[in-house]
Every structure is written in structure tokens, then in C-alpha cells.
Amino acid sequence: MRIERDGPYRYRIPRQGAMRVDAVFYASPDIARDLKAEGDQALHQLVNVATLPGIVEPAVALPDIHWGYGFPIGGVAAFDPRRGGVVSPGGVGFDINCGVRLLCSDLTREELEPRKEALADALFRLVPAGVGSERRELRLTAADWPRLLTRGAGWAVEQGLGDPGDLECIESGGALPGADPDRVSPRALERGGSQLGTLGSGNHFLEVQYVEHVYDPEAAEAFGLFPGQVTVLIHTGSRGLGHQVCQDFVDRMLAAARRHGIELPDRQLAAAPIESPEGQGYLGAMAAAANFAFANRQVITAYAREAFTRAGFGPGSTRLRVLYDLAHNNAEWEEHGGRRVLVHRKGATRAFGPGHPDVPARYRAVGQPVLVPGDMGRYSYVLAGTEGAMAETFGSSCHGAGRRLSRSQAKKVARQRDPVGELARRGILVRAATRATVDEEIPEAYKDVADVVEAVEGAGLGRRVARLRPLIVVKG
DNA sequence: ATGTTC
């Protein structure tokens with residue numbers, strides 16, 4: 001594979017073989033070296049994506065790129081429907097609208113400290129976590145589904161789970177347009193029916209954090225962040241419902257690709273023309289699943305507020321304002337370079353720059369908040385979207401640290417140790433459904449997210465605003 | 001990520 005250095009933190013894979021467009025990836029020299037290492041499949045997957053019909057130049061990868069189902073995680077690909085552009089479930093991922101929501105309190109770290117254990121216990125009690133976790137008291141019925149799947153977070157607010165103001169600072173207003181509940185299979189509804197308001201497993205979490213450092217005081221003020229402030233970061237997605245939607249369409253898409261004469265270098269890239277029945281069906285079901293995920297984070301927010309109250313914090317001081325809520329895994333219609341294109345982001349964050357009409361009015365002068373979780377022992381970042389991202393990456397930035405160790409490698413390392421005890425000694429309280437998940441998620445399992453963010457900022461794809469340090473971690 | 005091999 002021919003790779004050219006294309007500027008600081010920027011590399012280009014010129015069109016070669018079956019590629020229809022160039023691919024570009026962003027990385028520090030260290031990250032680039034790892035990506036080029038023999039056996040790493042991420043760049044090969046990026047090249048595969050560049051062969052798909054109707055792709056708009058370039059196929060993009062951010063510094064947290066790693067191997068995924070068909071498409072790499074940390075990738076962005078835009079398709080033009082007027083040039084045979086396709087939609088691919090693998091380009092969105094199994095956890096449709098896996099994403100993060102940041103809440104900010106008016107509390108300081110010092111005010112939290114005396115009630116930290118109580119808060120950890122209350123959060124763990126009120127926010128179900130773990131594989132197959134359920135919230136049976138919210139069991140959804142046939143009458144709930146159409147509105148829930150079209151209105152997303154707004155549906156939860158209608159149910160009294162949150163305030164109308166919560167919807168102002170959510171990507172797409174908390175409801176991706178174009179949802180078609182009839183495209184969501186009965187099996188997907190069955191799986192999701194008792195999972196609304198639950199965290200799930202794997203890398204999903206709820207963290208209580210504090211603002212450890214402010215890089216850009218002006219932007220931090222616009223976002224409502226101040227040093228020492230207590231924040232809450234929720235990372236979860238569409239649970240079994242989204243997983244089943246993806247499953248339902250992968251096989252159908254493979255047949256559709258064959259029928260439409262689309263040559264696939266990898267079956268996992270199964271795709272159909274955007275305008276085909278299969279493409280439209282997937283987009284309708286995907287948006288519905290995305291809205292389930294927006295509702296999920298909204299319901300969890302309501303229970304997080306309840307947990308603060310039960311831990312003894314006064315309601316006035318803990319409103320937990322929604323700073324922002326964004327998707328890491330979705331496909332959506334956007335205008336780039338004067339064209340309306342379908343942008344797939346898989347493990348990537350929309351990062352619209354200053355002045356963009358889709359940035360909430362209160363942040364518009366600064367740019368969209370970009371929330372970048374790290375690992376549970378170090379820190380997470382809040383960035384702001386930039387003009388550079390608009391010009392180069394279809395308005396996209398990184399979404400996290402990216403794994404360094406596989407789950408099994410991490411478990412092997414963790415087995416000899418006491419991860420929960422080690423974190424507790426550093427002031428981080430972990431409440432987890434299973435030890436196995438904590439072992440897979442030890443800090444050493446991840447790259448240092450600071451390195452990823454450095455590359456992103458160096459490439460002009462985001463601007464650091466603040467760094468958040470964990471205090472309490474709820475895990476599956 | 002995932003009723004973690006429906």
C-alpha cells in the first residue's frame with residue numbers, strides 16, 4: 001500500500017487498485033507507525049471503503065481508527081445519491097447511535113466529596129448496567145413505539161423524564177429525521193422493550209467527573225464549564241434494539257449488493273444504493289434505532305438526577321444541565337461542498353465549526369461541543385468543532401482513545417491485579433455489574449486519549465476546551 | 001457493541 005505523508009498529522013493513501021477515491025488518515029508519527037505495522041487491518045479496511053460506489057473524496061480516518069466490522073472504527077465516509085452512492089450497515093456499526101451525553105452540575109468537586117460513596121451507590125442502583133440489563137418498570141408497549149422511535153429524546157421528555165430545555169443541546173434535537181418504525185422488526189422491539197434507560201456493557205459507562213483543566217476559557221464559558229465543576233458523562237447506545245436492526249439488514253444488504261452489481265472486497269461491507277428499497281428500509285430503521293438511543297440517554301439523565309437527589313444534594317444545585325449529546329455511530333444527511341451527501345460516521349464525532357446553523361445558538365460562535373471519552377483511569381476531553389474539520393473531514397473529529405489491548409489481552413493483564421482497588425486508591429470509585437467488564441476496560445487497555453486529541457488538534461480538526469477527570473465510574 | 005456462539 002502506498003502511503004504519503006501529507007502534512008503534520010496527515011497522511012494520504014492515493015487512489016490505487018479498486019479505490020474510487022483517495023483515503024486520508026490523521027495520526028501522530030507514533031500512531032501512524034502502529035497503523036502501518038504488519039497485521040494491522042484498519043488501513044486496509046479504510047482502503048476497502050474507498051472502493052464503494054458513489055463515495056465522495058476522501059475516505060477519512062481519525063487518529064483513533066481501529067479494526068471494526070467491515071468499516072474501520074474511527075472512519076467517516078460520505079456518499080452522493082446522484083452518483084450511485086450507497087448506504088452500508090457496517091459503516092454505522094452494530095451499536096447504532098452509540099454516543100455520549102455530558103451533563104454539568106453547579107457543584108464543585110469539594111462539595112461532592114462528602115457524599116461521593118452515597119452518590120456512587122445511588123447511581124449504581126438507579127441506572128441498570130451490564131449485559132442484558134433491564135428496566136422493567138418502563139416496559140414499552142405497542143402504543144409507545146411509533147412516537148418513541150420518531151421523537152427520540154423528546155418522547156422521554158413527554159413522559160416526564162426530563163425537561164423540554166434538555167432537547168436544546170442534543171445533536172439533531174434528539175431525534176434523527178426519517179425514522180420509519182415499521183422497518184424495525186418485532187424481534188428488535190422485543191429485545192429493546194425492557195432496555196430503555198439502561199447502560200449495557202463493554203465500553204459503556206456513566207462517569208461522574210470534575211473539570212480538571214480549562215484550555216480555552218472563552219469557549220469553556222460558552223459551554224458552561226468552570227474549573228473544579230462536577231460533570232456527568234453518559235456513554236451508551238441503542239442496546240439490543242439497534243444490534244438487531246443491524247443484524248436484520250446485514251444479510252438483506254448482501255443480497256441487494258449482489259443484485260445491484262456492487263463488487264465488495266469484504267462481505268462485511270454489504271451495501272445497497274441509497275435510493276433502493278433496501279437502502280431506504282435500512283435508513284428508516286437506523287434512524288428509529290438512533291432515536292431509541294437518544295431516548296435511552298435522556299431516560300438515564302432523569303435517573304442520574306434522581307440519584308443526586310437521593311444522595312442528599314439539594315435540587316437547586318444539581319439540575320444537571322445537558323451540555324451536549326452526540327452520536328458516535330450513525331449515517332445522516334448533510335451538506336458538504338455544496339452537495340447533499342449521506343455521511344456515515346462509525347466511531348467518529350460530528351464536529352461542526354463556528355457559525356454552522358446546526359450548532360445550538362448558545363454555542364454557535366464557538367463551534368459544536370465534541371465530547372471525547374478516554375479510559376476510566378485517566379481523563380476525557382471536551383473539544384470544539386473547527387473550520388478545518390468542515391473543510392477536510394465532512395465536519396468530523398475523533399470519538400475516543402481507541403483500544404491498545406484486545407479484550408482478552410486486557411483480561412490477562414488485569415487478572416493478576418486489583419483494578420477496582422487501584423482506581424479507588426486514586427480517588428476513583430468503580431461500581432460494576434461484573435469484574436470481567438472492569439478487567440476488559442482497565443486504563444492500560446486503551447491508548448492515551450491525550451495522544452489522539454493532540455493529533456486531532458494538530459491537524460486542525462478540533463480545539464481543546466477542557467479536560468475532565470473521573471471520580472465515580474458505573475460500568476456494566 | 002450484543003439475550004457476549006440465534
Side-chain angles (χ1 to χ4, degrees), chain A residues 42 45 64-75 88-101 128-136 138-140 184-206 234-252 254 268 270 282 285-286 289-290 292-294 296-297 300 326-331 344-349 373 375-376 399-403 405-412 414 432-441 445-446 474-476:
Chain A
Q45 291 193 314
D64 48 336
I65 179 183
H66 54 284
W67 179 88
Y69 181 89
F71 287 57
I73 296 160
S88 173
V92 172
F94 269 84
D95 191 3
I96 295 165
N97 191 2
C98 178
V100 280
R101 171 182 288 215
V131 174
S133 47
E134 295 181 303
R135 185 186 287 288
R136 295 213 181 106
L138 283 185
R139 174 89 218 180
L140 297 158
V184 180
S185 67
R187 196 174 179 189
L189 298 180
E190 174 58 32
R191 288 181 68 175
S194 56
Q195 293 185 323
L196 190 68
T198 67
L199 218 43
S201 184
N203 63 2
H204 290 168
F205 62 77
L206 182 151
I234 297 162
H235 180 201
T236 186
S238 49
R239 310 287 285 102
L241 185 142
H243 192 269
Q244 189 61 46
V245 165
C246 184
Q247 198 85 266
D248 289 341
F249 279 89
V250 160
D251 293 340
R252 260 181 264 175
L254 197 58
Q268 294 185 352
Y282 173 71
M286 183 219 58
F292 183 84
F294 280 132
N296 193 23
R297 293 192 287 272
I300 291 173
L326 54 80
H328 284 161
N329 285 6
N330 74 357
H344 294 60
R345 293 192 182 87
K346 180 184 190 177
T349 305
D375 62 79
M376 61 178 157
H399 90 304
R403 271 196 173 272
L405 304 178
S406 71
R407 292 190 177 280
S408 53
Q409 286 173 316
K411 266 190 201 161
K412 200 184 269 180
T434 65
R435 156 109 201 217
T437 302
V438 178
D439 286 356
E440 289 174 3
E441 294 286 315
Y446 286 91
V474 177
K475 292 286 294 180

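First the proteins, then the strands, lettered A, B, ... as listed; each starts at 1.
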Can you tell me the distance, in whole Å, between the [atom1] atom of [X] and the [atom2] atom of [N]?
X: A:R407; N: B:dT5; atom1: CZ; atom2: P; answer: 12 Å
X: A:K411; N: B:dT4; atom1: NZ; atom2: C1'; answer: 9 Å
X: A:Y69; N: B:dT4; atom1: OH; atom2: P; answer: 17 Å
X: A:F94; N: B:dT4; atom1: CZ; atom2: P; answer: 13 Å
X: A:L199; N: B:dT2; atom1: CG; atom2: C1'; answer: 14 Å
X: A:E190; N: B:dT2; atom1: CD; atom2: C1'; answer: 16 Å
X: A:N97; N: B:dT2; atom1: CG; atom2: P; answer: 13 Å
X: A:Q247; N: B:dT2; atom1: CD; atom2: C1'; answer: 9 Å

Which residue lies toward the 5' end of DNA chain B, A:R187 or A:L241, if each is placed at its nearest nucleotide?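 Looking at the nearest nucleotide for each, A:L241 comes out on the 5' side.
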Taking A:Q268 for the side chain and A:G70 for the main chain, is one N or O donor matched with an acceptor at less than 3.5 Å?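 Judged by distance alone, yes, a pair lies under 3.5 Å.
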Touch check for [X], heavy atoms < 4.0 angstrom, all strands: base, sugar-phosphate only, or nothing?
X: A:Q195; answer: sugar-phosphate
X: A:G240; answer: sugar-phosphate
X: A:S238; answer: nothing

Considering the options A:R407, A:R403, A:Q409, which one meets the side-chain hydrogen bond (donor to acceptor under 3.5 Å, both in side chains) requirement together with A:E440?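 When side-chain hydrogen bond (donor to acceptor under 3.5 Å, both in side chains) is applied between A:E440 and each of A:R407, A:R403, A:Q409, only A:R407 qualifies.
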Show your reasoning for whether salt bridge (charged side-chain N to carboxylate O under 4.0 Å, His left out) applies to A:R252 and A:D248. CA-CA 7 Å; A:R252 260 181 264 175; A:D248 289 341; 5.0 Å; no
Regarding A:E441 and A:R435, does a basic nitrogen lie under 4.0 Å from an acidic carboxylate oxygen?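 Not counted as a salt bridge, because no side-chain N and carboxylate O are separated by less than 4.0 Å.
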